[in-house]
Asker: 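I have a structure I would like to understand better, so I am pasting it below and will then ask my questions one at a time.
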Amino acid sequence: DAGVTQSPTHLIKTRGQQVTLRCSPKSGHDTVSWYQQALGQGPQFIFQYYEEEERQRGNFPDRFSGHQFPNYSSELNVNALLLGDSALYLCASSTPLGGRTDTQYFGPGTRLTVL
Amino acid sequence: AQSVTQLGSHVSVSEGALVLLRCNYSSSVPPYLFWYVQYPNQGLQLLLKYTSAATLVKGINGFEAEFKKSETSFHLTKPSAHMSDAAEYFCAVTVNSGGYQKVTFGTGTKLQVIP
């Protein structure tokens, strides 16, 4: 049973560029959440996708956008990169809440460095 | 709104000694609580979760945590530390927000195990 996978593993970009990160959820999961983890910090919630729509969003600017595909995989796009966007980006998958909280399973992350 | 406070960004214990990592939460609704572990350059792995069943929760690798509503705490313990326990540990609180999970992480505690 494949867990959550993310690509690429590492990425180096320069300020002002755009980046796309990809995530495939754990088998049987249809909800994908994205987190930003800056060095020495806990993960910060960016947004969550279910049924190809953004359902919740954290305190991140519109430069951060996403997409979910019919096969439940997801992309995170960041435009106009800033130095402060350098971080580990984590994807987590889960099943819909449905009145109960399910566990989020995390991928290994994509390390983004902005120069 | 919910929040998590992890007391002590760094904790050092001797191999074989008790591990105690502290977590206090704030939530306006009944929370679900999680502990995750993160090894260097890896994603987050679930250690254990509290979902309103038993207040003492046992997890993987010999870890356990006790939910204390009166103290709004969910401290993580392990009777005897092993060198392989050296990692960063994150406490997280999850609440139902409009039918979807809203997850908030603490800032993490780095555990050092001294031989």
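Naming: A, B, ... by sequence-line order, numbering from 1 per chain.
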Asker: Please determine whether the number of non-hydrogen atoms from other residues, nucleotides or ligands lying under 6.0 Å from atom CD of B:E66 exceeds 12.
Answerer: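 Correct, the count exceeds 12.
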Asker: Above 12 or not: heavy atoms from other molecules or residues under 6.0 Å from CZ of A:R15?
Answerer: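 No, because the 6.0 Å sphere around CZ of A:R15 holds 12 heavy atoms or fewer from other groups.
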Asker: By a 4.5 Å heavy-atom criterion (distance strictly below it), what part of A:Q6 contacts chain B: side chain, backbone, both, or neither?
Answerer: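 A:Q6 has no heavy atom closer than 4.5 Å to chain B.
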Asker: Is it true that atom CG of A:L39 has more than 12 heavy atoms of other residues, nucleotides or ligands lying nearer than 6.0 Å?
Answerer: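 No, the 6.0 Å shell around CG holds no more than 12 heavy atoms from other groups.
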Asker: When hydrophobic residues are tied together by side-chain contacts of less than 4.5 Å, even through go-betweens, does B:L56 share a cluster with B:F67?
Answerer: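 No; tracing contacts between hydrophobic side chains, which count when under 4.5 Å, never links both residues.
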Asker: Is the number of heavy atoms from other residues, nucleotides or ligands within 6.0 Å of CG (A:N59) greater than 12?
Answerer: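 Counting other residues, nucleotides and ligands, CG of A:N59 stays at 12 neighbours or fewer.
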Asker: Is chain A contacted by the side chain of B:L44, its backbone, both, or neither, given a heavy-atom distance below 4.5 Å?
Answerer: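 The answer is both parts of B:L44.
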Asker: If I compare all heavy atoms of A:Y35 with all of B:V103, which pair ends up nearest, and what's the gap?
Answerer: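 Answer, listing the atom of A:Y35 first, then B:V103: OH-CB, 3.3 Å.
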Asker: If we define contacts as heavy-atom pairs under 4.5 Å, which of A:P43, A:G109, A:G42 has the most with chain B?
Answerer: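 Most pairs with chain B among the choices: A:P43.
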Asker: Rounded to the nearest 0.5 Å, how far apart are OH of A:Y105 and CG of B:L46?
Answerer: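 Nearest 0.5 Å value for the OH-CG distance: 6.5 Å.
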Asker: I'd like to know whether CZ of B:F63 has more than 12 heavy-atom contacts from other residues, nucleotides or ligands below 6.0 angstrom.
Answerer: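 Enclosed.
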Asker: Measure across B:Q38 and A:L88 and return the closest heavy-atom pair with its distance rounded to 0.1 Å.
Answerer: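 Result for this residue pair: NE2-CD2, 3.6 Å.
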Asker: In Å, rounded to the nearest 0.5 Å, how long is the span from CD of A:Q37 to CZ of B:F105?
Answerer: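 Interatomic distance, A:Q37 CD to B:F105 CZ, rounded to 0.5 Å: 8.5 Å.
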